[in-house]
Amino acid sequence: GDSVTQTEGLVTLTEGLPVMLNCTYQTIYSNPFLFWYVQHLNESPRLLLKSFTDNKRTEHQGFHATLHKSSSSFHLQKSSAQLSDSALYYCALGGQKLVFGQGTILKVYL
Amino acid sequence: GGIITQTPKFLIGQEGQKLTLKCQQNFNHDTMYWYRQDSGKGLRLIYYSITENDLQKGDLSEGYDASREKKSSFSLTVTSAQKNEMAVFLCASSRQGGSDYTFGSGTRLLVI
């Protein structure tokens, strides 16, 4: 069945450094929808980015990701981390139901 | 814009009690979901439903029942609450294929 893998459970960074959160997926569907959700403390997850176009960069709120079907990846990046980026990030794959990765906690320090 | 509402926001129950959580959405979304989230951990799918009266088990369905009475509502029942259980239950809804996926604000459960 469909699956999503986020290899890092926790990423810690100093403010100002670049962010990269890994996401790979498995699906038999040739045109997958990929999503990134962000969940801040005591809040519900909300949509950050989505894409279904191969090799096209999608951006929102300083974050960006590019769907690469050749490598089944949809890594989340940001050029410079901010303290307010500290949160739990989920990568997800669309289908009959949305399949979530295990989540990556991002902690940004001064 | 639409809204997805979960009730109650907080639920305190006793060990062995049957507890029901409710979720309503006015997006006219086809699919609805129930997740459990334990502190600092990821989302675990309990049940989902792709249309009215449909029910599909997730990875964590044991100990829970669900009911999709109509397209706009999806309820979850904890069949026998476990002592010291503490978690957040999140409801979500989406169009087919997972687009427009939206979460409710959650129900926080504490069992004493």
Side-chain angles (χ1 to χ4, degrees), chain A residues 1-12 21-23 25-53 58 60 67 74 86-107, chain B residues 1-7 9-10 21 23 25 27 29-51 54-61 66 68 74 86-108:
Chain A
D2 293 347
S3 67
V4 175
T5 301
Q6 292 178 246
T7 50
E8 309 104 343
L10 172 66
V11 171
T12 57
L21 306 184
N22 291 317
C23 173
Y25 64 91
Q26 282 190 310
T27 181
I28 60 171
Y29 187 51
S30 58
N31 292 304
F33 272 81
L34 272 296
F35 305 81
W36 275 101
Y37 282 82
V38 58
Q39 185 179 21
H40 287 95
L41 195 61
N42 295 323
E43 294 181 7
S44 296
R46 62 173 176 81
L47 180 66
L48 180 59
L49 292 172
K50 62 180 177 182
S51 178
F52 58 89
T53 307
T58 183
H60 186 61
L67 175 59
F74 191 56
S86 296
L88 178 55
Y89 291 81
Y90 291 104
C91 183
L93 171 67
Q96 186 188 59
K97 61 179 168 66
L98 210 62
V99 175
F100 285 88
Q102 305 91 318
T104 298
I105 297 172
L106 175 64
K107 288 190 176 179
Chain B
I3 190 166
I4 181 165
T5 304
Q6 290 186 238
T7 55
K9 290 191 185 304
F10 298 95
L21 292 67
C23 179
Q25 52 95 5
F27 293 103
H29 282 167
D30 299 299
T31 310
M32 296 186 74
Y33 313 77
W34 275 107
Y35 291 89
R36 176 181 167 129
Q37 187 174 39
D38 292 276
S39 180
K41 295 187 179 175
L43 298 165
R44 291 187 287 175
L45 182 64
I46 306 172
Y47 272 101
Y48 69 105
S49 166
I50 61 174
T51 189
D54 175 72
L55 211 53
Q56 310 279 343
K57 289 185 178 181
D59 301 321
L60 197 68
S61 60
R68 186 85 181 270
F74 192 33
M86 189 165 68
V88 176
F89 292 84
L90 288 167
C91 177
S93 69
S94 74
R95 295 188 192 282
Q96 283 189 5
S99 64
D100 295 337
Y101 202 97
T102 305
F103 284 90
S105 56
T107 294
R108 282 155 177 76

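Naming convention: chains lettered A, B, ... in sequence-line order (proteins, then strands); numbering from 1 in each chain.
Checking each of Phe100(A), Trp36(A), Tyr37(A) against Tyr90(A) for a ring-ring contact (aromatic ring centres under 6.0 Å, His included) leaves exactly one that passes, namely Phe100(A). Under the side chain to side chain contact (heavy atoms under 4.5 Å, CB included) rule, Phe74(A) has a single partner from Leu21(A), Asn22(A), Thr58(A), which is Thr58(A). Considering Leu90(B), Leu43(B), Ile46(B) as possible partners of Arg36(B), the one that fulfils the side chain to side chain contact (heavy atoms under 4.5 Å, CB included) test is Ile46(B).
Residue Gln6(A) does not touch chain B at all, counting heavy-atom pairs closer than 4.5 Å. Contact annotation for Ile50(B): only side-chain heavy atoms (C-beta onward) come within less than 4.5 Å of a heavy atom of chain A. Heavy atoms of Arg108(B) lying under 4.5 Å from chain A belong exclusively to its side chain. The part of Gln37(B) that comes within reach of chain A is its side chain, from C-beta onward, which places non-hydrogen atoms under 4.5 angstrom from that chain.
A donor-acceptor contact shorter than 3.5 Å links the side chain of Ser49(B) to the backbone of Asp54(B).
Taking the six-membered ring where the residue is Trp, Phe33(A) and Phe52(A) present tilted rings, their angle falling between 30° and 60°.
In terms of non-hydrogen atom pairs under 4.5 Å with chain B, the most contact-rich of Pro45(A), Ala92(A), Gly101(A) is Pro45(A).
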